[in-house]
Amino acid sequence: MKKKTKNILSAVFGVAIGFLNGFFGGGGGMVCVPFLEKVLKKPTKVSHATAILIILPISLVSAAVYIIAGKFQWQTGLPAGGGVIAGGLLGALLLSKMSNGVIRMIFAVVMIAAGGKLLFF
């Protein structure tokens, strides 16, 4: 794939990922990881790590918009945020130690479970 085509696709998917994350308050990684792996042909661990780095600024901007709009509940958000930080550290450590096949399997199970939850609950 030509570099110009990759850049255009990356920009288009970037808009979609940013929209999903901003609109739903998350979920951009569910689009970002498959895009990086399947379209840009990045290795599994690189795709997951890159998705996290891509989602971070999107999440910060979205959070700022929600805070300014008065839609953020501090009493719930701060403790959950602490848990997210701890879980993120643990997940990053585990990612480096797991095989690509196990990572893909876990990601697939999480995506299927999320889809099932959306459909039925």
Side-chain angles (χ1 to χ4, degrees):
M1 184 181 301
K2 293 181 182 178
K3 185 174 178 149
K4 184 176 181 178
T5 304
K6 280 186 178 183
N7 288 340
I8 291 169
L9 281 173
S10 294
V12 169
F13 271 86
V15 169
I17 291 163
F19 173 79
L20 288 171
N21 215 64
F23 188 76
F24 294 117
M30 297 294 190
V31 173
C32 190
V33 170
F35 169 72
L36 291 168
E37 277 190 59
K38 306 300 184 211
V39 178
L40 298 184
K41 308 294 187 209
K42 301 296 179 191
T44 298
K45 289 181 183 181
V46 170
S47 296
H48 285 268
T50 303
I52 293 298
L53 199 57
I54 289 170
I55 298 302
L56 176 63
I58 296 168
S59 296
L60 293 174
V61 169
S62 297
V65 170
Y66 288 127
I67 289 167
I68 291 168
K71 302 290 184 193
F72 183 77
Q73 294 185 343
W74 293 95
Q75 66 276 17
T76 304
L78 291 180
V84 167
I85 290 169
L89 288 170
L90 179 62
L93 290 171
L94 286 174
L95 179 71
S96 66
K97 297 183 183 319
M98 297 175 128
S99 71
N100 289 339
V102 171
I103 293 166
R104 277 192 217 103
M105 185 64 70
I106 292 169
F107 188 69
V109 168
V110 169
M111 287 185 69
I112 291 166
K117 184 177 185 314
L118 286 172
L119 281 173
F120 301 111
F121 301 104

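Keep in mind that what you see is a predicted model, and the values were worked out from it rather than measured.
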Mind checking whether [X] and [Y] sit in one hydrophobic cluster, side chains of I, L, V, M, F, W, Y counted as touching below 4.5 Å?
| X | Y | value |
| --- | --- | --- |
| Ile52 | Val61 | no |
| Val31 | Phe24 | yes |
| Phe121 | Leu118 | no |
| Leu9 | Ile17 | yes |

Shortest non-hydrogen contact from [X] to [Y]?
| X | Y | value |
| --- | --- | --- |
| Ile54 | Cys32 | CD1-SG, 3.7 Å |
| Gly29 | Pro34 | O-CD, 4.0 Å |
| Asn21 | Gly28 | OD1-N, 3.4 Å |
| Lys45 | Leu95 | CE-O, 3.4 Å |

Verify side chain to side chain contact (heavy atoms under 4.5 Å, CB included) between Ile106 and Met98, making sure each step is shown before the conclusion.
CA-CA 11 Å; Ile106 292 169; Met98 297 175 128; 3.6 Å; yes
Report the distance from atom [atom1] of [X] to atom [atom2] of [Y], rounding to the nearest 0.5 Å.
| X | Y | atom1 | atom2 | value |
| --- | --- | --- | --- | --- |
| Gln73 | Leu78 | CD | CG | 11.5 Å |
| Ile8 | Met1 | CD1 | CE | 11.0 Å |
| Leu89 | Leu94 | CG | CG | 11.0 Å |
| Ser62 | Phe19 | OG | CZ | 11.0 Å |
| Ser47 | Glu37 | OG | CD | 4.5 Å |
| Leu60 | Ile55 | CG | CD1 | 11.0 Å |

Give the ring-plane orientation class for Phe35 versus Phe13, where under 30° counts as parallel, over 60° as perpendicular and anything between as tilted.
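Plane angle under 30°, so parallel.
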Could you give me the CA-CA distance, side-chain angles and deciding distance for Val65 and Lys71, then say whether side chain to side chain contact (heavy atoms under 4.5 Å, CB included) is met?
CA-CA 9 Å; Val65 170; Lys71 302 290 184 193; over 6 Å; no
Run through Val102, Val33, Ile112 and flag the one making a side chain to side chain contact (heavy atoms under 4.5 Å, CB included) with Phe107.
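Running side chain to side chain contact (heavy atoms under 4.5 Å, CB included) over Val102, Val33, Ile112 with Phe107 returns exactly one hit, Val33.
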A quick test of your reading: do over 12 heavy atoms of other residues, nucleotides or ligands sit less than 6.0 Å from CZ of Phe72?
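Yes, the 6.0 Å shell around CZ holds more than 12 heavy atoms from other groups.
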Counting neighbours of CE on Met111 that are heavy atoms of other residues, nucleotides or ligands and sit closer than 6.0 Å, is the number greater than 12?
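More than 12 heavy atoms, drawn from other residues, nucleotides or ligands, come within 6.0 Å of this atom.
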Checking Leu40 against Lys6 for the side chain to side chain contact (heavy atoms under 4.5 Å, CB included) test, could you report, in this order, the C-alpha distance in whole Å, the side-chain angles of both residues, the deciding distance, and whether it holds?
CA-CA 7 Å; Leu40 298 184; Lys6 280 186 178 183; 3.8 Å; yes
Can you tell if the side chain of Leu36 reaches within under 4.5 Å of the side chain of Val46, non-hydrogen atoms only?
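No, side chains not in contact.
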Give the C-alpha distance, both sets of side-chain angles, the deciding distance and a yes or no for side chain to side chain contact (heavy atoms under 4.5 Å, CB included) between Leu20 and Met30.
CA-CA 10 Å; Leu20 288 171; Met30 297 294 190; over 6 Å; no
